Amino acid sequence: MDTTQELAAFLRSRRERLDPRDFDLPSRRRARRTPGLRREEVAELAGVSIDYVVRLEQARGLRPSANVVEALARALRLAPDERAYLFDLTRQRPRNADKPATTAAPPLARLVTNLSPLPAMLMNHRYDILAWNSEMARLLMDFGTLPPSQRNAMWLCLVHPEISEFYVDRERVVREGIAHLRAAWAAHPEDRALIDLITECTTHSTEFARLWAERDITSNGRGHKAIRHPDAGMIAVHFEVLMPLHDPDQRLMICRAADDESQSALDRLCAR
């Protein structure tokens with residue numbers, strides 16, 4: 001896991017996906033042999049030298065300033081999540097001085113319990129599951145039955161025999177999780193446990209390796225999931241992911257039924 005190599009690959013991938021027809025660029029006689037913008041066109045749009053762009057894409061150890069990063073983000077028309085990722089890769093985004101959380105902050109753990117009857121759980125930036133309420137245990141599984149090393153939402157979705165078959169649109173769920181992990185790695189490249197998790201998933205899951213290579217970092221803090229529950233049948237939920245101001249590396253996920261049938265199914269599960 002090398003941020004310099006990733007910066008180079010990320011810049012190339014974003015340059016190659018752009019359509020030159022969308023830009024007001026001077027016409028050039030040379031035929032385009034590769035997709036996307038040329039390096040000199042990105043340099044012109046960003047106001048930097050061609051050699052600078054070449055050296056960035058060749059991972060030659062440059063550390064662009066915040067102004068240059070902003071210019072590159074504009075030239076490449078990066079989405080907000082992609083822009084944040086670029087700032088993390090170049091170490092230009094202000095960082096929290098605290099170490100990443102590995103245990104639930106007590107007030108947040110109490111909040112998770114108090115959110116009943118809504119299923120809720122607390123995770124850190126690695127998707128380690130730090131706290132959950134009884135409704136979430138009934139909706140997914142009782143994470144307390146697992147050793148702490150296996151209480152990771154991404155790991156469970158990939159390899160656990162029950163959880164891996166839960167989601168109707170499984171690839172979308174995995175893709176969104178991988179996008180989050182990639183952004184988390186850019187923000188915490190020193191986190192050995194996160195690097196080990198990514199390495200393990202890449203090594204043992206061809207699905208993870210394929211989606212990781214796509215370099216998608218679009219996070220989704222709000223959405224819809226359909227679950228095939230072994231006891232309650234199909235359950236559709238809306239979810240919301242919140243980031244506490246005082247614990248920005250922790251993420252509170254709250255679910256609610258998406259329709260009356262799903263609410264009835266959740267009520268039956270929680271009444272057991």
Side-chain angles (χ1 to χ4, degrees), residues 1-25 28 30-93 125 127 154 158 171-191 194-195 197-199 201-203 205-221:
M1 304 291 290
D2 185 325
T3 53
T4 302
Q5 294 289 342
E6 173 59 21
L7 172 62
F10 182 70
L11 290 174
R12 286 195 304 270
S13 69
R14 275 17 188 198
R15 173 174 61 82
E16 291 170 355
R17 76 177 183 180
L18 295 173
D19 189 338
R21 294 172 296 183
D22 294 336
F23 295 81
D24 185 19
L25 294 167
R28 292 178 170 88
R30 283 189 297 137
R32 294 181 183 272
R33 294 176 294 178
T34 57
L37 295 184
R38 296 187 175 106
R39 287 169 173 166
E40 58 263 33
E41 291 168 336
V42 172
E44 181 180 339
L45 291 168
V48 297
S49 70
I50 299 174
D51 180 63
Y52 195 87
V53 174
V54 170
R55 285 187 290 163
L56 280 175
E57 290 195 2
Q58 291 179 348
R60 287 159 60 181
L62 294 180
R63 290 290 298 273
S65 68
N67 287 339
V68 171
V69 174
E70 183 62 49
L72 288 169
R74 287 197 304 269
L76 296 171
R77 297 189 176 180
L78 299 185
D81 288 336
E82 295 172 324
R83 178 183 177 278
Y85 185 62
L86 182 62
F87 269 80
D88 281 334
L89 287 176
T90 55
R91 300 290 172 270
Q92 292 296 348
R93 189 158 70 157
H125 66 287
Y127 275 162
M154 176 55 70
L158 288 171
E171 177 162 326
R172 178 178 60 82
V173 172
V174 173
R175 183 185 296 276
E176 290 174 355
I178 290 173
H180 166 80
L181 285 183
R182 180 173 281 282
W185 167 72
H188 302 283
E190 74 293 338
D191 186 344
L194 176 58
I195 294 172
L197 171 66
I198 294 169
T199 301
C201 291
T202 304
T203 303
S205 171
T206 56
E207 178 184 28
F208 185 98
R210 173 176 58 84
L211 295 175
W212 179 266
E214 294 183 5
R215 292 186 166 80
D216 181 13
I217 43 81
T218 303
S219 60
N220 189 6

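Not measured: the values here are computed from a predicted model. The first residue in the sequence is number 1, and the count goes up from there.
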Exercise for review: List the atom of T202, the atom of I198, and the distance in Å for their closest heavy-atom pair.
Suggested key: OG1-O, 2.7 Å
Revision key, fill the gap. To the nearest 0.5 Å, atom CD of E6 lies from atom CH2 of W185 at 5.0 Å
Revision key, fill the gap. F23 and A75 have their tightest heavy-atom pair at CE2-O, 3.7 Å
**Study point:** Residue that, paired with L76, satisfies side chain to side chain contact (heavy atoms under 4.5 Å, CB included) out of L11, L45, L37
**Key:** L11
Practice item. State whether the side chain of R182 and the backbone N or O of W212 hold a donor-acceptor pair below 3.5 Å, judged by distance alone. Key: yes
Review point. Do the side chain of T90 and the main chain of F87 share a donor and acceptor less than 3.5 angstrom apart?
Key: yes
**Study point:** Candidate pair V68 and Y52, rule side chain to side chain contact (heavy atoms under 4.5 Å, CB included), full reasoning
**Key:** CA-CA 10 Å; V68 171; Y52 195 87; 3.8 Å; yes
Check your understanding: Taking it one step at a time, do E82 and L86 satisfy side chain to side chain contact (heavy atoms under 4.5 Å, CB included)?
Key -> CA-CA 6 Å; E82 295 172 324; L86 182 62; over 6 Å; no
Review point. In Å and rounded to the nearest 0.5 Å, what is the NE2 to CG distance from H188 to D88?
Key: 8.0 Å
Exercise for review: Evaluate the side chain to side chain contact (heavy atoms under 4.5 Å, CB included) criterion for residues E70 and R83: first the C-alpha distance (whole Å), next the side-chain angles of each, then the deciding distance (0.1 Å), finally the verdict.
Suggested key: CA-CA 8 Å; E70 183 62 49; R83 178 183 177 278; 2.5 Å; yes
Review point. Closest approach of R175 and L211, non-hydrogen atoms and distance?
Key: NH2-CD2, 3.3 Å
Review point. For the salt bridge (charged side-chain N to carboxylate O under 4.0 Å, His left out) test, which of R38, R12, R15 pairs with E57?
Key: R15
Practice item. In sequence, state the C-alpha distance, the side-chain angles, and the governing distance for E41 and L18, and then conclude on side chain to side chain contact (heavy atoms under 4.5 Å, CB included). Key: CA-CA 11 Å; E41 291 168 336; L18 295 173; over 6 Å; no
Review point. With distance as the sole test, does H180 use its side chain to make a donor-acceptor pair with the main-chain N or O of H125 at under 3.5 Å?
Key: yes
Check your understanding: What pair of heavy atoms forms the shortest contact from P20 to G36, and how long is it?
Key -> CG-O, 3.5 Å
Point to revise | Exercise: identify the closest heavy-atom pair between A186 and P189 | key: O-CD, 3.5 Å
Review point. Which atom pair, heavy atoms only, marks the closest approach of I50 to E40?
Key: CD1-CB, 3.3 Å
Check your understanding: Is there a side-chain contact between L181 and L194, using heavy atoms and a 4.5 Å cut-off?
Key -> yes
Review point. Can you tell me if Q92 uses its side chain to pair, donor with acceptor, with the backbone of P64 under 3.5 Å?
Key: yes
**Study point:** Y127 OH to I178 CD1 distance, which is reported to the nearest 0.5 Å
**Key:** 10.0 Å
Point to revise | Reported CG-to-CG distance for the pair L197 and D191, which is rounded to 0.5 angstrom | key: 9.5 Å
Practice item. First locate atom CD1 of I217, then atom CG of D81, and finally report the distance between them rounded to the nearest 0.5 Å. Key: 5.5 Å
Check your understanding: Are T3 and R91 side-chain neighbours, meaning at least one heavy-atom pair lies under 4.5 Å?
Key -> yes
Check your understanding: So do the side chains of Y85 and L7 get within less than 4.5 Å of each other, counting heavy atoms only?
Key -> no
